[in-house]
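The structure appears right after this line, and notes come after that.
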Amino acid sequence: MCGIVGIVGNTPVSQYLYDGLTVLQHRGQDAAGIVTIQNNTFRLRKGNGLVKDVFHTRHMLRLQGNIGIGHIRYPTAGTSSSSEAQPFYANSPFGISLAHNGNLTNAEELKEWLYKEACRHVNTTSDSELLLNILGHELQSIGNFTLTPDDIFTAIANVHQRVRGAYATVALVIGNGMVAFRDPNGIRPLVFGKRESEKGTEYMVASETVALDACDFEFVRDVAPGEAIYITENGQFFSKQCAENPRFSPCIFEYVYFARPDSTMDKISVYASRVEMGKKLGAKIKQEWADEDIDVVIPIPETSCDTALQIAQTLDLPYRQGFVKNRYIGRTFIMPGQEQRKKSVRQKLNAIGAEFAGKNVLLVDDSIVRGTTSEQIIDMARASGAKKVYFASAAPEIRFPNVYGIDMPSATELIAHGRELDDICDLIGADKLIFQTIEDLVSAVSVANPDIKAFETSVFNGQYVTQDIDQGYLERLDALRNNETKETSDKNADSIIDMHNEGAE
Ligand code: AMP
């Protein structure tokens with residue numbers, strides 16, 4: 001998962017972009033980048049690491065200009081090399097730069113088409129660089145030196161025709177302005193807001209509303225699936241539906257795990273949806289574990305806290321923070337490589353013995369992906385003296401790879417792939433295990449916005465909303481992105497870092 005921001009302002013924007021990226025840091029900790037436009041020239045700084053580590057004062061001082069975009073990266077397709085850090089840049093037409101959250105599912109064909117038909121070379125394995133070049137090609141094909149809003153929207157409509165998959169995107173076109181668009185399924189979120197200043201209206205787009213809050217922009221609305229918004233360099237706003245057949249199906253995993261609880265996307269409060277997940281799961285536990293002998297409900301911090309508290313209330317049980325989280329360590333799952341991931345669970349969480357000693361505990365997590373976290377946490381609970389350890393997952397069994405930008409690439413790595421409840425329970429070492437049903441999850445998330453008729457739920461049921469995913473595709477993805485490939489690519493990454501890291505050092 002990645003995070004994107006973009007601002008067309010009346011004063012320098014780099015500090016706001018930095019602040020916006022900082023509050024979106026949970027969406028990816030691998031790399032960060034900002035590009036601004038000053039005097040028809042891009043100013044770019046990007047590199048591997050957290051926002052606070054990539055941008056130093058000297059970089060910020062050089063990121064001049066009243067218009068800019070930013071990106072934070074979480075590695076999915078490709079490697080975690082800094083040559084894959086975004087925003088990407090292409091010099092033609094006009095000079096364009098783009099940042100993307102999501103994953104294109106027809107990247108292989110696009111790459112071939114770009115090379116053979118459009119004579120465009122992409123220099124990385126990133127599908128976002130492909131998207132940039134497709135957009136560049138479509139803008140160029142318009143053939144106008146001065147682009148009108150309709151020209152921009154025609155280009156985006158053509159991008160929708162060529163590209164498949166998930167793409168929440170923001171791009172700058174020198175001499176023109178900022179364009180932001182969302183794929184016809186609206187899989188990844190994109191919101192926009194505005195702020196009045198003495199010099200007129202300023203606009204901001206972002207992956208989550210929390211970024212608007214942090215930069216003092218007032219939320220206006222979500223970008224609709226298939227829609228593009230275009231803000232000229234001098235602040236004129238235009239929007240248009242550019243997809244022929246938009247079919248809204250936002251990714252449900254944003255609510256389960258990714259987004260911050262203080263964000264609202266597609267009119268759904270992430271916090272409220274997690275509380276609702278707790279109500280549903282609490283009711284299921286009550287019904288299925290009639291003879292339950294749970295003494296205390298303990299969340300696995302932090303994503304599951306709101307859900308666990310609600311489960312405790314529904315079951316009329318005490319809720320205790322039995323694990324302490326080291327705040328200075330990143331999200332464990334995001335670290336590439338299984339070994340590193342295993343080790344960091346222990347570094348990240350520690351148990352408070354008194355909350356476990358002699359008790360039957362119900363541990364609550366937002367999801368079980370590979371099972372690494374749950375297995376180690378259950379061990380920790382037992383080592384701290386728990387009598388019985390029950391485990392509840394706010395999300396259903398994750399059985400299928402994700403192809404839309406979440407790092408769950410390989411079915412064989414998923415603990416629930418091809419396994420039923422009892423096997424999973426044995427493997428993680430719990431006394432009892434319970435998962436939310438998919439129906440309950442969908443209903444928990446859609447309570448706040450019943451207008452959404454479908455969600456992207458492929459990791460649970462294998463139904464891919466773009467309808468272009470077959471077994472062959474999943475097998476290729478598996479081969480490309482299994483742990484071994486990733487670890488090898490990480491080792492190789494250094495050799496290509498310098499080609500792209502032209503940022504102001
Ligand atoms: P595991 O089952 O050990 O692979 O990890 C599951 C934990 O990682 C859960 O507790 C979630 O909090 C977190 N998690 C779930 N999905 C993801 C994801 N796609 N990326 C990063 N972390 C995740």
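Note that the numbering runs from 1 along the sequence shown for the chain. In listed order, ligands and their atoms are each counted from 1.
Residues forming a side-chain contact (heavy atoms from CB on, under 4.5 Å) with Phe400 (at least two apart in sequence, or on another chain): Tyr464. For Lys284, the side-chain hydrogen bond (donor to acceptor under 3.5 Å, both in side chains) criterion is met by no residue, not counting sequence neighbours.
Of all the atoms in ligand 1, the ones that sit under 4.0 Å from a non-hydrogen atom of Ile368 are 2 (O). Listed by number with element, the atoms of ligand 1 under 4.0 Å from a non-hydrogen atom of Phe253 are 16 (N). Interface of Phe258 with ligand 1, defined as ligand atoms under 4.0 Å from a residue heavy atom, comprises 18 (C), 19 (N), 20 (N). Atoms of ligand 1 lying under 4.0 Å from any heavy atom of Thr373, numbered from 1 in the order shown and given with element: 1 (P), 3 (O), 5 (O), 6 (C), 7 (C). Proximity to Ile406 (heavy-atom distance under 4.0 Å) selects the following atoms of ligand 1: 19 (N).
Under 4.0 Å from ligand 1, the heavy atoms of Met408 that appear belong solely to its side chain. Counting heavy atoms under 4.0 Å from ligand 1, residue Asp365 touches it through the side chain alone. Of the heavy atoms in Asp366, only side-chain atoms (C-beta onward) come closer than 4.0 Å to ligand 1.
Below 3.5 Å of separation, one finds an N or O of Thr372 facing an N or O of ligand 1. For ligand 1, the polar-atom distance check finds no N/O of Ser374 at less than 3.5 Å from any of the ligand's N/O atoms. Considering backbone and side-chain atoms together, Gly371 places an N or O closer than 3.5 Å to an N or O of ligand 1.
Of the listed residues (Ser367, Gly28, Ala395, Ala394), the one carrying the non-hydrogen atom nearest atom 9 (C) of ligand 1 is Ser367.
Results of the side chain to side chain donor-acceptor pair (under 3.5 Å) test with Tyr167 over His100, Arg188, His160 single out His160 as the only residue that passes.
With respect to Arg221 and Glu227, a salt bridge is recorded, a charged nitrogen being found less than 4.0 Å from a carboxylate O. No salt bridge links Arg164 with Glu109; every basic N to acidic carboxylate O contact stays at or beyond 4.0 Å. Checked for salt-bridge contact, Arg370 and Glu375 miss the test: no charged N lies under 4.0 Å from a carboxylate O. A salt bridge links Lys279 to Glu276: one of the charged nitrogens lies within less than 4.0 Å of a carboxylate oxygen.
Distance NZ/Lys388 to CG/Asp295: 9.5 Å, rounded to 0.5 Å.
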